[in-house]
Each structure stands twice: as structure tokens, then as C-alpha cells.
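What follows is one structure encoded as C-alpha cells, with my remarks underneath.
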Amino acid sequence: RLRTVTGVQTCALPICPARPRDPQEERDALLAYAFRALGQRALSAAELRGRLERRSENPDLIEEVLRRVQELGYQNDEQVARSEGARRGVGTMRVRQTLKRRGVQDSLIQEVVEARDPDREHAEVLTLLERRWSSLARKRDPQASAFAFLARRGYTGNVIWPALREFMAGRPVEEPGDEPDWPEED
């Protein structure tokens, strides 16, 4: 039988609260949630802990589940840090900032940042400049725009300036007022 409550038809049966889970069921459900979360994206321990805390109010259970997924090799802060450190197209400062935001330990962040190759960063900056120069060249001050673009990507001035100088040395010097010769329309 249906009844109407504030304009919505509902079942006439009383709504029974879900039976409380026993500790083993709660542990299994939280562990399954942790596996699903880690299946979507590699999470740091702090990120996973935050997600688990939204699902359970039992700190001992949260720590147990976190330890278990680490034992099984599904969660590893070193692996998260290494993968972030290997990202292309972002500088050392962005890597440091991202790892700090994700809750990775400072010693591990320092280790990853020190392992980054400065020559590779220099080459990445040159590649980005080559790829983006056509849009940057149209700005009032293309070099300042290029610097700002690269700084937003997390590269430091120590990497940007030498690469920018090298890039500009290989470009033809354009005189102000030189306009390209476009064919005239009939």
C-alpha cells in the first residue's frame, strides 16, 4: 500500500534502520573502500587516512586498514613521491608543493627533489618554450610572459633564465614595427 507524505508517495511499511555492523563487517567494508580508492589513483598515506576518516569514526580501525593496505603493497608513499617527481612539464617547485599538499614526509620530498635532473628540467623548459612561443610572442613582453608561464609550472628562475637566454639566442631578432608581409586581398 502507498501513502502520501508531503506530496510524495512512499511505502506504507515503516522504515527500519540498517542493522549495526559488527566490527569485522565494518573492517571489511572499510578495507574494500580503501582498495577502491587506491584503484582509482595512487594516494599518499595522509590522503587515504583522510578518506578513511570520513567513512569511520574509529581511529584504531583506520590505522589497521591503512597498515593492511601498506603491508599488501597497495599504498606506498615512496612510490607516490617517485611518480610525482618523474612528471614531465612541471618544475621542482611544483613537485615539492604537490607532495607537501598530499601529506608526504619532508625527508622523502627532499630526496625526490634532489634526485631530479637539472639537465632534464632545462631540456623540458626549452621544449615548452618551443611549443608555446607562437602564443607567447604575441604578448607585449614575450619574455616576461614566458617567465610567468614557466614559473606557474613550478620551474625556478635558476632554470628559466638560462633556458630563456638560450632559446632567444636561437631566434631571429625582430625589429619593432616589422610586420609580416601578408598578401593583399583583392
Side-chain angles (χ1 to χ4, degrees), residues 17-136 145-160 162-164 167:
R19 78 174 171 80
R21 291 181 177 168
D22 67 31
Q24 184 62 38
E25 287 175 332
E26 188 176 347
R27 178 188 176 280
D28 291 345
L30 201 58
L31 195 56
Y33 173 74
F35 287 135
R36 283 193 312 274
L38 289 166
Q40 294 171 355
R41 175 177 173 228
L43 300 171
S44 69
E47 289 172 316
L48 183 58
R49 182 178 288 110
R51 289 186 181 200
L52 294 175
E53 285 171 351
R54 284 181 256 159
R55 289 284 181 131
S56 175
E57 296 175 4
N58 184 345
D60 294 333
L61 179 61
I62 291 169
E63 288 304 315
E64 179 186 344
V65 167
L66 191 56
R67 261 194 320 275
R68 183 66 180 146
V69 294
Q70 288 172 341
E71 279 174 14
L72 295 173
Y74 287 96
Q75 195 286 316
N76 184 343
D77 275 355
E78 289 179 27
Q79 196 172 19
V80 170
R82 275 196 308 272
S83 68
E84 187 65 36
R87 275 183 59 196
R88 296 179 96 44
V90 295
T92 302
M93 294 303 291
R94 170 79 68 88
V95 170
R96 181 188 309 273
Q97 180 182 25
T98 301
L99 290 174
K100 196 167 214 43
R101 179 179 40 81
R102 292 183 73 183
V104 176
Q105 295 175 352
D106 289 337
S107 59
L108 189 54
I109 293 172
Q110 191 62 32
E111 187 178 312
V112 166
V113 165
E114 288 173 358
R116 286 183 60 96
D117 183 17
D119 294 332
R120 187 181 118 197
E121 273 199 352
H122 181 80
E124 286 176 6
V125 168
L126 287 173
T127 302
L128 286 168
L129 285 170
E130 189 65 44
R131 224 177 26 193
R132 296 292 180 109
W133 189 253
S134 61
S135 65
L136 294 168
S145 297
F147 184 91
F149 165 71
L150 294 166
R152 283 191 301 272
R153 287 196 164 221
Y155 293 101
T156 62
N158 299 349
V159 174
I160 297 172
L164 198 52
F167 180 77

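Treat the numbers as computed from the prediction; the structure is a model and nothing was measured.
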Q. Taking atom CG of L52 and atom CZ of R55, what is their separation to the nearest 0.5 Å?
A. 9.0 Å
Q. Any donor and acceptor pair, going by atom type alone, linking the side chain of Y155 with main-chain N or O of T92 inside 3.5 Å?
A. no
Q) What's the spacing between Y74 OH and L66 CG if we round to 0.5 Å? A) 15.0 Å
Q | Passing candidate, side-chain contact (heavy atoms from CB on, under 4.5 Å) with V65, options L48, L31, N58 | A | L31
Q: For R49 and I62, indicate whether the former's side chain and the latter's backbone hold a donor-acceptor pair under 3.5 Å.
A: no
Q: Check the surroundings of atom CD in E26: do more than 12 heavy atoms from other residues, nucleotides or ligands lie under 6.0 Å from it?
A: yes
Q: Return the minimal non-hydrogen interatomic distance between A146 and L164, and the atom names on each side.
A: CB-CD1, 4.0 Å
Q. Do the side-chain N and O atoms of D106 and Q110 include a donor-acceptor pair separated by under 3.5 angstrom?
A. no
**Q.** Atom pair CD1 (I109) and CD (Q97), whose distance is rounded to the nearest 0.5 Å
**A.** 11.0 Å
Check: residues 35-45 side-chain donor-acceptor pairs under 3.5 Å, at least two apart:
residue	atom	partner	partner atom	Å
S44	OG	E47	N	3.2
S44	OG	E47	OE1	3.3
S44	OG	R102	O	2.4

Q: Taking all non-hydrogen atoms of both residues into account, name the closest pair between G89 and L128 and its distance.
A: O-CD1, 4.2 Å
Q) How many angstroms lie between CZ in R132 and CZ in R153, if you round to the nearest 0.5 Å? A) 5.5 Å
Q: Identify the heavy atoms of V159 and E121 that sit nearest to each other, and give their distance.
A: CG2-OE1, 3.5 Å
Q.
With a 6.0 Å cut-off (strictly less than), is the heavy-atom count around CZ of F149, excluding the residue itself, greater than 12?
A. yes
**Q.** Step-by-step side-chain contact (heavy atoms from CB on, under 4.5 Å) determination, E63 to R67
**A.** CA-CA 6 Å; E63 288 304 315; R67 261 194 320 275; 3.9 Å; yes
Q | Other residues, nucleotides, ligands: >12 heavy atoms within 6.0 Å of E57 CD | A | no
(Q) Tell me if a side-chain donor or acceptor on T98 pairs with a main-chain N or O of R94 at a distance below 3.5 Å. (A) yes
Q. What's the shortest heavy-atom distance between G157 and P162, and which atoms?
A. O-CD, 3.9 Å
(Q) Could you walk me through whether L108 and L99 satisfy the side-chain contact (heavy atoms from CB on, under 4.5 Å) test, starting with their C-alpha distance in whole Å, then the side-chain angles of each, then the deciding distance to 0.1 Å, before giving a yes or no? (A) CA-CA 9 Å; L108 189 54; L99 290 174; over 6 Å; no
**Q.** CG on L61 to CZ on R68, rounded to 0.5 Å
**A.** 13.5 Å
Q.
Quick check: closest heavy atoms across L126 and A163, and the distance to 0.1 Å?
A. CD2-O, 3.4 Å
Q. Which residues pass the salt bridge (Lys or Arg N to Asp or Glu O under 4.0 Å) test with R27, sequence neighbours left out?
A. E64
Distance-only criterion, 3.5 Å: show the donor-acceptor pairs between side-chain atoms of residues 80-88 and protein atoms not counting sequence neighbours.
residue	atom	partner	partner atom	Å
S83	OG	Q79	O	3.4
S83	OG	V80	O	2.9
E84	OE2	R87	NH1	2.8

